[in-house]
J.: 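Below are the structure tokens for one structure; questions will follow.
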Amino acid sequence: MTAKRQFSLFDKLITNADQALRTLVPGAATAERASPAQSREYSELSEQERQHAAGLMRINHTGEVCAQALYQGQALTAKLPEVREAMEEAADEEIDHLVWCEERIKDLGSHTSRLNPAFYALSFGIGAIAGKISDKVSLGFVAATEEQVCSHLSKHMTSLPTQDEKSKAVLLQMLEDEAKHATSAIEAGGARFPLPVKLGMTALSKVMTKATYRV
């Protein structure tokens, strides 16, 4: 029976660097699932509607960039192998969302946020710290983050132009996936964060939202 390879810290850092490049370089990541937008008919948008839809999808794309960084940071410092593997699996599933948002932004004639590298670094650091504290805190942070994401997605669904069915299809599938991630994190033993912590996360999320809507 072949022993499972034990990766050194250097191996993990190389893996994380590769993941960062695939997350931040446009077109570098590949989705396992086809974008839900492909099944929806194209609808004409005014210039104002197009810019608004692109801004919302840019926010969601940056959210997925942060999710990738968060999971990678947590996987780097997770105590239990099964928790580390769960974080890495979640990051793989989030790649679909990352690619779908990027494709939709491109279709809308716009660009992903230029602030993504900074947000990636910040989220990676937060994830690494959470994982270092404990797996319970790390999983709890995943659950709280996914709850924030679900709230954003729900608001964006109603804020998008009525006829933009392509963007709505992407957000609807993302909402379903993110809700599952939140539930799974709690079921795996994640801590339920107190209200003050969640309010702080909400405040940070609002800063990110304002910064990435146009930049």
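Bear in mind the structure is a predicted one, so any value in this text is a computation, not a measurement.
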J.: So, does Thr183 use its side chain to make a donor-acceptor pair with the main chain of Ala179 at under 3.5 Å?
T.: yes

J.: Which pair of non-hydrogen atoms, one from Pro161 and one from Lys168, has the smallest distance, and what is that distance?
T.: O-CE, 3.6 Å

J.: CG/Asp96 to CD/Glu64 distance, rounded to the nearest 0.5 angstrom?
T.: 9.5 Å

J.: How would you list all residue pairs meeting salt bridge (charged side-chain N to carboxylate O under 4.0 Å, His left out) that involve residues 101-115, not counting sequence neighbours?
T.: Arg104-Asp164

J.: Using the rule given for side chain to side chain donor-acceptor pair (under 3.5 Å), can you reason through His181 versus Thr145, listing the C-alpha separation, both sets of side-chain angles and the distance that settles it, and then say yes or no?
T.: CA-CA 10 Å; His181 289 164; Thr145 299; over 6 Å; no

J.: Where do Leu98 and His61 come nearest, in terms of heavy atoms and distance?
T.: O-CD2, 3.4 Å

J.: Would the distance check show the side chain of Ser123 and the main-chain N or O of Tyr120 forming a donor-acceptor pair, the cut-off being under 3.5 Å?
T.: no

J.: Restricting to side-chain hydrogen bond (donor to acceptor under 3.5 Å, both in side chains), what partner residues turn up for Ser205, sequence neighbours left out?
T.: His152

J.: Compare every heavy atom of His156 with every heavy atom of Asn60, then report the nearest pair and how far apart it is.
T.: ND2-ND1, 3.1 Å

J.: If you look at every heavy atom in Ile95 and Ala29, which pair is closest and at what distance?
T.: CG2-CB, 4.0 Å

J.: If you compare all heavy atoms of Val137 against all heavy atoms of Phe193, which two are closest, and at what distance to 0.1 Å?
T.: O-CZ, 3.6 Å

J.: For the residue pair Val142 and Ala185, what are the closest heavy atoms and their distance?
T.: CG1-CB, 3.9 Å

J.: Is there a donor-acceptor pair under 3.5 Å between the side chain of Arg214 and the backbone N or O of Gly55?
T.: no

J.: Would you say CZ of Arg33 has more than 12 non-hydrogen atoms from neighbouring residues, nucleotides or ligands within 6.0 angstrom?
T.: yes

J.: Between Ile126 and Ile133, is there a shared hydrophobic cluster once you connect ILVMFWY residues whose side-chain heavy atoms come closer than 4.5 Å?
T.: yes

J.: Roughly how far, to the nearest 0.5 Å, is CG of Leu76 from CD of Gln72?
T.: 9.0 Å

J.: Under 4.5 Å between side-chain heavy atoms, chaining through other members, with only Ile, Leu, Val, Met, Phe, Trp and Tyr counted: pull out the rest of the cluster around Leu175, sorted by chain and number.
T.: Leu45, Leu56, Met57, Ile59, Trp100, Ile105, Leu108, Leu115, Phe119, Val149, Leu153, Met157, Leu160, Val170, Leu171, Leu172, Met174, Met208, Tyr213, Val215

J.: Short question: side chain of Lys166, backbone of Arg40 - any donor-acceptor pair under 3.5 Å?
T.: yes

J.: With sequence neighbours left out, write down each residue that passes side-chain hydrogen bond (donor to acceptor under 3.5 Å, both in side chains) with Ser43, or none if nothing qualifies.
T.: none

J.: With rounding to the nearest 0.5 Å, note down the distance linking CG in Leu139 to CD in Gln74.
T.: 7.5 Å

J.: So how far is it from Glu94 CD to Cys66 SG, rounded to the nearest 0.5 Å?
T.: 11.0 Å

J.: Among residues two or more places apart or on two chains, list those pairs meeting salt bridge (charged side-chain N to carboxylate O under 4.0 Å, His left out) that have a residue in residues 46-57.
T.: Glu47-Arg50

J.: Mind checking whether His97 and Gln173 have side chains closer than 4.5 Å, heavy atoms only?
T.: no

J.: Working to the nearest 0.5 Å, report the span between OH of Tyr71 and CZ of Phe124.
T.: 15.0 Å

J.: Counting N and O atoms only, with roles assigned by atom type, does the side chain of Arg58 sit under 3.5 Å from a partner on the main chain of Thr212, one being a donor and the other an acceptor?
T.: yes

J.: Can you find a pair of side-chain heavy atoms, one from Gln68 and one from Gln19, that are under 4.5 Å apart?
T.: yes

J.: Residues in side chain to side chain contact (heavy atoms under 4.5 Å, CB included) with Thr202, at least two apart?
T.: Gln148, Lys206

J.: Which value, rounded to the nearest 0.5 Å, describes the distance between Lys155 atom NZ and Cys150 atom SG?
T.: 12.5 Å

